[in-house]
Amino acid sequence: MGAQMRFEIQAAPLDLDLTLGCGQTFRWRRTTDGSWSGVIGDQSVNLRKNGNRVTVNAHPGGRGVREYVLDFVRAHDDIGKIQGRLGEDPVLALGMKKMKGLRIVKLDEWECLVSYVLATYANIPRIMKMVDALAVNYGSRIEHGVYSFPDRMQLSKATVKELTGLGLGYRADYVKELCEIVDEQMLRSLSKASYERLRRELIELPGVGDKVADCVSLFGFGRLESFPIDIWMERALARLYKQRGSYKTLRTFAAERFGEYAGYAQEYLYHNERMHARDSCCAFSE
DNA sequence: GCCCAGGAGTGTG
DNA sequence: CACACTCATGGG
């Protein structure tokens with residue numbers, strides 16, 4: 001069946017259902033036995049909670065895979081310090097109790113950019129379907145039924161017509177343009193940029209506005225000070241903090257209130273708001 | 001059938 | 001700066 005690699009990582013607290021189940025990443029599925037299967041780079045990965053540890057199965061495996069996985073779940077974050085700092089906020093302290101194992105993931109920059117451009121004005125099940133369609137049609141086959149997310153060369157082969165046919169709608173044009181504009185050098189340059197410059201330059205890309213730029217900054221480039229605001233976050237900020245207004249207004253409020261770890265605050269508030277509304281629409285509810 | 005979705009782009013006041 | 005309108009479509 002080909003190479004397979006198995007090892008354990010320690011990244012407590014890490015709740016797989018919370019971290020992989022509700023909309024940060026669109027490529028992970030909960031299996032019937034409660035483990036999670038997805039793709040990290042060119043690896044087909046299964047994660048299974050094993051007490052205080054997580055058992056990792058990776059195919060095809062190889063040198064450096066352990067670090068890939070540790071980076072993906074941001075195992076090197078000082079969660080205690082982050083939650084201690086955010087816990088100074090009484091609202092957050094309350095909600096955080098149920099979400100201690102919710103971690104921010106670190107996605108590939110290109111995959112994250114395309115995924116969140118697709119995410120505009122679509123619900124999570126549909127986004128998962130679109131991202132999956134790109135992988136199956138333009139990515140590399142890793143093993144049976146599992147495909148990597150296509151790099152720019154692979155995705156460049158797609159025509160707008162094909163992309164529309166995969167259900168991308170008006171997003172097809174954005175994806176096509178991104179393939180033409182973004183290159184490796186740009187991503188490298190952005191990786192070194194300050195958060196403010198990163199954000200500014202992302203917004204210049206087609207299909208990228210305030211919200212997508214913040215998602216890509218947070219999940220793709222690992223900028224923990226980023227605070228994406230979608231419809232759920234508007235509800236959370238209005239309900240819990242009595243804050244309403246433009247994106248800029250809310251963004252400034254978040255920066256002052258939550259500081260360098262605003263991204264974690266955002267994830268706690270986002271999930272809390274969705275749970276509060278209803279528990280449908282969450283991958284791990286089934 | 002109806003409403004909504006991890007919004008962005010463009011035009012207008 | 002804020003607001004209004006359009007965009008194309010599947011999921012609940």
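Proteins get letters first, then strands, A, B, ... in listed order; numbering begins at 1 in each. Any value given below was found using the heavy atoms of this structure, including those in side chains, with hydrogens, waters and symmetry copies removed.
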Over how many whole Å does the gap from [X] atom [atom1] to [N] atom [atom2] extend?
{"X": "A:Met233", "N": "B:dA5", "atom1": "CE", "atom2": "C1'", "value": "17 Å"}
{"X": "A:Asn123", "N": "B:dC4", "atom1": "CG", "atom2": "C1'", "value": "8 Å"}
{"X": "A:Leu118", "N": "C:dT9", "atom1": "CG", "atom2": "C1'", "value": "13 Å"}
{"X": "A:Lys248", "N": "C:dC3", "atom1": "NZ", "atom2": "P", "value": "14 Å"}
{"X": "A:Leu202", "N": "B:dG6", "atom1": "CG", "atom2": "P", "value": "21 Å"}
{"X": "A:Ile127", "N": "B:dA5", "atom1": "CD1", "atom2": "C1'", "value": "8 Å"}
{"X": "A:Tyr170", "N": "B:dA5", "atom1": "OH", "atom2": "P", "value": "13 Å"}
{"X": "A:Leu168", "N": "B:dA5", "atom1": "CG", "atom2": "P", "value": "20 Å"}

Relative to the 5' end of DNA chain C, which residue comes earlier, A:Ser246 or A:Tyr121, by the nucleotide with the nearest heavy atom? A:Ser246
From C-beta outward on [X], which listed nucleotide comes closest to its side chain: [options]?
{"X": "A:Asp230", "options": "C:dT9, B:dA8, B:dG6", "value": "B:dG6"}
{"X": "A:Thr120", "options": "B:dG6, C:dA8, B:dA8", "value": "B:dA8"}
{"X": "A:Thr164", "options": "C:dT9, B:dG6, B:dG7", "value": "C:dT9"}

Could you tell me if A:Tyr138 and A:Glu162 have a donor-acceptor pair between their side chains, going purely by distance under 3.5 Å? yes
Considering only atom P, compute the distance from B:dG6 to C:dA4 and round it to an integer number of Å. 23 Å
Please measure how far the P atom in B:dG9 lies from the corresponding atom in C:dG10, and state the result in whole Å. 22 Å
Are more than 12 heavy atoms from other residues, nucleotides or ligands located less than 6.0 Å from atom CD of A:Gln185? no
Counting only heavy atoms from other residues, nucleotides and ligands, does the tally under 6.0 Å from OH of A:Tyr68 exceed 12? no
Minimum heavy-atom separation for A:Ile127 and A:Ser115, please, with both atom names. CG2-O, 4.2 Å
Does C:dG10 have OP1 or OP2 sitting under 4.0 Å from an N or O in the side chain of A:Lys129? no
Do the side-chain N or O atoms of A:Arg171 get closer than 4.0 angstrom to the phosphate oxygens (OP1, OP2) of B:dA8? no
Is the terminal nitrogen or CZ of A:Arg48 (NZ for Lys, CZ for Arg) located under 6.0 angstrom from the six-membered ring centre of A:Trp36 and within 45° of that ring's axis? no
Over all strands shown, is [X] touching base, sugar-phosphate only, or nothing at heavy-atom distances under 4.0 angstrom?
{"X": "A:Val208", "answer": "sugar-phosphate"}
{"X": "A:Gln266", "answer": "base"}
{"X": "A:Tyr247", "answer": "nothing"}

Between A:Glu267 and A:Leu205, the residue closer to the 5' end of DNA chain B by nearest nucleotide is A:Glu267
Earlier contact from the 5' end, DNA chain B, for A:Tyr270 and A:Gly207: A:Tyr270
Before accepting this row, confirm whether a basic side-chain N of the pair A:Asp77/A:Arg103 lies closer than 4.0 Å to the acidic partner's carboxylate O. no
